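Order of the sequence lines sets the chain letters (A, B, ...), proteins ahead of strands, with each chain counted from 1. The shown structure was predicted, so the numbers you read here are calculated from the model rather than taken from an experiment.
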Amino acid sequence: MAKQYWLFKTEPDCFSIEDLRQSPGMTTSWSGVRNYLARNILRDQVKVKDEVLFHHSSSDPVGIAGTCVVTRSGYPDPTQFDPESQYFAPKATLDSPIWYTVDVKFQLKLSELIPLSLLRQTPGLEKMMVCQRGARLSVQPVTAEEWRVVQALIKKTGSIT
DNA sequence: GCCAACGTTGGC
DNA sequence: GCCAACGTTGGC
């Protein structure tokens, strides 16, 4: 299958691109997604080697902070089985898990975050999901063309790897 | 299965 | 802090 592209949202106070860069193996499990549509995407569509825009939400400014790559496709989110976790799901069992996660590895961190306001002004990104009003989905598809346009912005902005 | 009430997300 | 969008819950 051709490589696919995604956008993952996270609140940097909770987990930032820098947190990912400093994680063991620069890799993390994208656990804690508790929305069914996002769950279905993680479980069914996100594949190893797919590339991901790492998006900071509820920050100032909000926007793309870096990129990462999928290193493990959908598997049951361990936090749903952990009574100590804020993501614990009492009804989930090992035999019938409810929530899924994927693993992602750090690729690059932008020298400066690319603000959502800039994305909205950039030709070619008018239809990008994150640019739409009220787009709350935390795991979003990104088209190959949108990815290409964002790559140009990343090159222009500068980044560290 | 409908839909009102309620809760959460997230940009501003 | 506000509030629009939208997801979830639960009574019927």
Item to check | side-chain contact (heavy atoms from CB on, under 4.5 Å) against Leu137(A), all qualifying residues, sequence neighbours excluded | outcome: Asn35(A), Leu37(A), Ala38(A), Ile41(A), Met129(A), Gln140(A)
Checklist entry - With sequence neighbours left out, which residue pairs that include part of residues 124-136 of chain A fulfil the side chain to side chain donor-acceptor pair (under 3.5 Å) condition? => result none
Side-chain donor-acceptor contacts of residues 53-66 of chain A below 3.5 Å, not counting sequence neighbours, with atom names and distances?
{"from": "His56(A)", "atom 1": "NE2", "to": "Ile17(A)", "atom 2": "N", "distance (Å)": "3.2"}
{"from": "Ser59(A)", "atom 1": "OG", "to": "Pro61(A)", "atom 2": "O", "distance (Å)": "2.8"}

Next on the checklist: Test: side chain to side chain donor-acceptor pair (under 3.5 Å). Region: residues 17-26 of chain A. Which pairs qualify, not counting sequence neighbours?
Outcome noted: Ser16(A)-Asp19(A), Glu18(A)-Arg21(A), Glu18(A)-Gln22(A), Glu18(A)-Lys109(A)
Item to check | Pair listing, salt bridge (Lys or Arg N to Asp or Glu O under 4.0 Å) test, anchored in residues 62-77 of chain A, at least two apart | outcome: Arg34(A)-Asp77(A)
Item to check | Pairs involving residues 152-161 of chain A, ordered by first then second residue, that meet side chain to side chain donor-acceptor pair (under 3.5 Å) (sequence neighbours left out) | outcome: none
Item to check | ring pair (Phe, Tyr, Trp, His ring centres under 6.0 Å) contacts in which one or both residues fall within residues 85-143 of chain A, not counting sequence neighbours | outcome: Tyr36(A)-Trp99(A)
Checklist entry - From the 5' end of DNA chain C to its 3' end, which nucleotides mark the outer limits of contact with chain A, defined by a 4.0 Å heavy-atom distance cut-off (strictly under)? => result dA4(C) to dT8(C)
Checklist entry - What parts of residues 31-43 of chain A reach DNA chain C, counting only heavy atoms under 4.0 Å away? => result Asn35(A), Tyr36(A)
